[in-house]
Novice: 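Okay, handing you the structure first.
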Amino acid sequence: MSLHLELLNPEQLAAVTLPDEHALILAGAGSGKTRVLTTRIAWLVKSGRITPANILAVTFTNKAAREMLIRVTSMLPANPRGLWIGTFHGLCNRMLRAHHRDAGLPQAFQILDSQDQLAAVKRLARSMNVDEDRFSPRDIQYFINGNKEEGVRAGDVPIADENTKRLAELYAAYDEQCQREGVVDFPEMLLRSYELLKRNEILRAHYGQRFRHVLIDEFQDTNRLQYRWLKLFRTKESCFFAVGDDDQSIYTFRGANVGNMAEFEREFAIKRVVRLEQNYRSHGNILDAANALIANNRNRLGKNLWTSTGAGELVRVFEGESDMDEARWLVEEVRSLSRDGTSLSNMAVLYRSNAQSRVLEHALFSQGISYRVYGGLRFFERAEIKHALAYLRLVAQPDDDNSFLRVANFPPRGLGARTIEQLQDTAKKNQASLFKVAEGKSAVFKKLIEDLQTETRGLPLAEIVGIVVEKSGLKEHYKTEREGADRIENLDELVNAAATFNDDSREVESGEEVDPLTAFLTHAALEAGEHQAGEGADALQLMTVHSAKGLEFDVVFLSGLEEGLFPHEQSANERDGLEEERRLAYVAITRARNRLYLSHAQTRMLHGQTRYNIPSRFLEEIPQNLMKWLTPRFSKQKAFTPDFSRQTVSSLPKKSQAREVGGWRVGQNVVHPKFGSGVIIDAEGHGNDARVQVNFGAAGVKWLAVAMAKLQAA
DNA sequence: TACTTTGTCCTTTTT
DNA sequence: GGACAAAGTA
């Protein structure tokens, strides 16, 4: 019930109690960002000058939004009404449902997730005879979303060449298709909502007046459209409070624009940028390592984290001979920490890409250590759940062709590709949905949907879902399948989820209430990740660095620190790709409270091939005096230079058979007088002709004649 | 029409 | 190694 302002440090207090003016808060990792944001909201309300309804707080994830809501409400005496805290998409959804007519949408519009969108694009591409070699559905989807996120409609795409012209046509056709079917994809939600407010002066004035205080979390992750959307709420009286950390910007690959921070500073004439640099999370050595690493980035607003807790332990570094070796060591380490009293859920293993989890899982499983992998297949994304949702969507909105195609012949009911094709032709001719033109063979399916509609009308949500799961034949179908038991369990779980579902966003302010089924389907699309199993159990946490953002652990293992993996090889082709990789490493390191492990392996199975990787440059960028090697090997490789501008990683060519020539073995570490240290990645010939291919990192990859080159074993 | 086998492609991810 | 889609077979 209290704000506990006395517990804030001077900078935090300054941020919380800023007068009514625009503000930019540079909040470093672990600096109490969420606390400042939530206390600010509570402080504003308690001041009595405004009500909760005057506040708009925007976050990126549902998790962050929920956390914020909980913390704010705990600081206020009564449950605040009219307080808008949510994700960009959640808030846009709320607005679009409330003003669906003005936005040109049916009230029960359905939301396409990325998968659904891709399916819709594929279907469109086929109906328009697109050469998939020239334009893959992925590319088209990327083009559409990229433009939408810049606020550019199909008609406004600048036509530079034939390709763009064609893509713009497809974009236009795609939007028409969505409109016809009453569906909206993720970027469309933002753009629609943006256009709605932009065009409708009355609405804009209404919301602008209402939201006197606009607070934005993770501002560095906003894209251009999101920023423009936010600016629509700006009035003479309004105050914007943006919190962000440019060093933690790790989503530029999907359109986030860090430049928004500088833009905001300029456009809102920010007088004072408040820097939160005191870190309450990590020990000194860990923090120093993070600071040293990020100092290698040139594009920064500048910030240096410090802590008043001691230096703590050194950062531990391990080199494995192979990924399996690395995993075995890691499991042993986890086991002994666990024995010494650190709970498993307080330890996390982080990696750059999901593919790396497999080896770890294998090792953990065989040693009987419980673990939990984040970011795998989410509940609402499972095939059987998607199928059930498709039936439900058709009940709510039969013109949804995406859903129609998904389940028209699932479970199989004799509607083959031919029948569907004919149906699609008729639909195209009549500019109507598949459902409307279904006849003959497909009439049976149409009848099924219609029966479901009449049968479920007016029933409670859980019963609707139960009936649909049963009568669609899904359950029956999975009974005959070998691994169907899990799927049936999931379908039951879906009914459960429906039973416990209560939606607070249905409390609308403009009269019309959204029907429960649509609300549930919206929840499934927008909050797909919220429904996760095994949340409570004590288990080791496995996740990518990306999904670790915002979290913290006593012990963090950062594994696979190898050139090509982390930094990822693809990042070399992107503008400022390496800097983003470095920020990613920075995020990873700053997750650790007490102990940090960094590890890498000499060989690793990737894409079914063994790769020989050299240690990541990030290991070189951390001052040696902060680290403690658990294996001697790495410390021997003195010839490292910090410059790895050229090719640094290679995989073993497919056809290579020779593993060993003249005493040199593939995978072996070597030192060359001129090129420094490297690793043998291939070998061929024998005797005097024997040659080895060596990856020297900075000096590149070279073929060397064994007889000539003065190679030394490292 | 429906199931089985082969060929291609591999980041990161929330909404 | 593995997911997913297109081609192949009963």
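Each chain gets a letter, A, B and so on, in the order the sequences are listed, and its residues count up from 1. Values reported hereafter were calculated over all heavy atoms of this structure, with side chains retained and with hydrogens, waters and symmetry mates removed.
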Novice: Could you work out, with ring pair (Phe, Tyr, Trp, His ring centres under 6.0 Å) as the rule, every residue matching Phe566(A), not counting sequence neighbours?
Specialist: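 Testing Phe566(A) for ring pair (Phe, Tyr, Trp, His ring centres under 6.0 Å), a comparison that skips the adjacent residues, returns Phe618(A).
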
Novice: For Arg224(A), check salt bridge (Lys or Arg N to Asp or Glu O under 4.0 Å) against everything at least two apart and list the hits.
Specialist: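 Once residues adjacent in sequence are excluded, the partners of Arg224(A) under the salt bridge (Lys or Arg N to Asp or Glu O under 4.0 Å) criterion are Glu150(A).
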
Novice: So, using salt bridge (Lys or Arg N to Asp or Glu O under 4.0 Å) as the criterion, who are the partners of Arg591(A) when residues are at least two apart?
Specialist: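 Once residues adjacent in sequence are excluded, Arg591(A) has no partner under the salt bridge (Lys or Arg N to Asp or Glu O under 4.0 Å) criterion.
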
Novice: Does dT15(B) have OP1 or OP2 sitting under 4.0 Å from an N or O in the side chain of Asn145(A)?
Specialist: no

Novice: Quick one: salt bridge (Lys or Arg N to Asp or Glu O under 4.0 Å) partners of Asp246(A), sequence neighbours excluded?
Specialist: none

Novice: Between Asn354(A) and dT13(B), is there a contact of a side-chain N or O with OP1 or OP2 at under 4.0 Å?
Specialist: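 Checking dT13(B) against Asn354(A), a side-chain N or O does come within under 4.0 Å of OP1 or OP2.
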
Novice: So if I take every side-chain heavy atom of Thr419(A) and compare against dT15(B), dT12(B), dT1(B), which nucleotide ends up nearest?
Specialist: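 Nucleotide nearest to Thr419(A)'s side chain: dT1(B).
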
Novice: List the residues meeting ring pair (Phe, Tyr, Trp, His ring centres under 6.0 Å) with Phe135(A), not counting sequence neighbours, and say none if there are none.
Specialist: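 With neighbours one apart ignored, the set is empty.
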
Novice: Scan for side-chain hydrogen bond (donor to acceptor under 3.5 Å, both in side chains) pairs involving residues 354-365 of chain A, sequence neighbours excluded, and state none if there are none.
Specialist: Ser353(A)-Gln356(A), Ser357(A)-Glu361(A), Glu361(A)-Tyr371(A)

Novice: Taking the C1' atom of each, how far is dT11(B) from dA6(C), in whole Å?
Specialist: 25 Å

Novice: Report the residues that fulfil side chain to side chain donor-acceptor pair (under 3.5 Å) with Asn409(A), sequence neighbours left out, ordered by chain and then residue number.
Specialist: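 Per chain and number, Asn409(A) pairs via side chain to side chain donor-acceptor pair (under 3.5 Å) with no residue.
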
Novice: Just the atom pairs and distances: protein N or O near nucleotides 2-8 of chain C's N or O, under 3.5 Å.
Specialist:
from: dA6(C); atom 1: OP1; to: Arg126(A); atom 2: NH2; distance (Å): 3.3

Novice: Between the protein and nucleotides 5-8 of chain B, list the N/O to N/O atom pairs that are separated by less than 3.5 angstrom.
Specialist:
none

Novice: Asp139(A): what forms a side chain to side chain donor-acceptor pair (under 3.5 Å) with it, not counting sequence neighbours?
Specialist: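 Asp139(A) satisfies side chain to side chain donor-acceptor pair (under 3.5 Å) with Ser136(A) only.
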
Novice: Dot-bracket for DNA chain B, please, read 5' to 3', with Watson-Crick or G-U wobble pairs under 3.5 Å on both distances, ( ) within the strand, [ ] crossing, | other strand, . unpaired.
Specialist: ||||||||||.....

Novice: Going by the rule salt bridge (Lys or Arg N to Asp or Glu O under 4.0 Å), which residues pair with Lys475(A) if we only count those two or more places apart in sequence or in a different chain?
Specialist: Glu470(A), Asp492(A)

Novice: Hey, are Arg66(A) and Glu527(A) close enough for a salt bridge, meaning a charged N less than 4.0 Å from a carboxylate O?
Specialist: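 Not counted as a salt bridge, because no side-chain N and carboxylate O are separated by less than 4.0 Å.
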
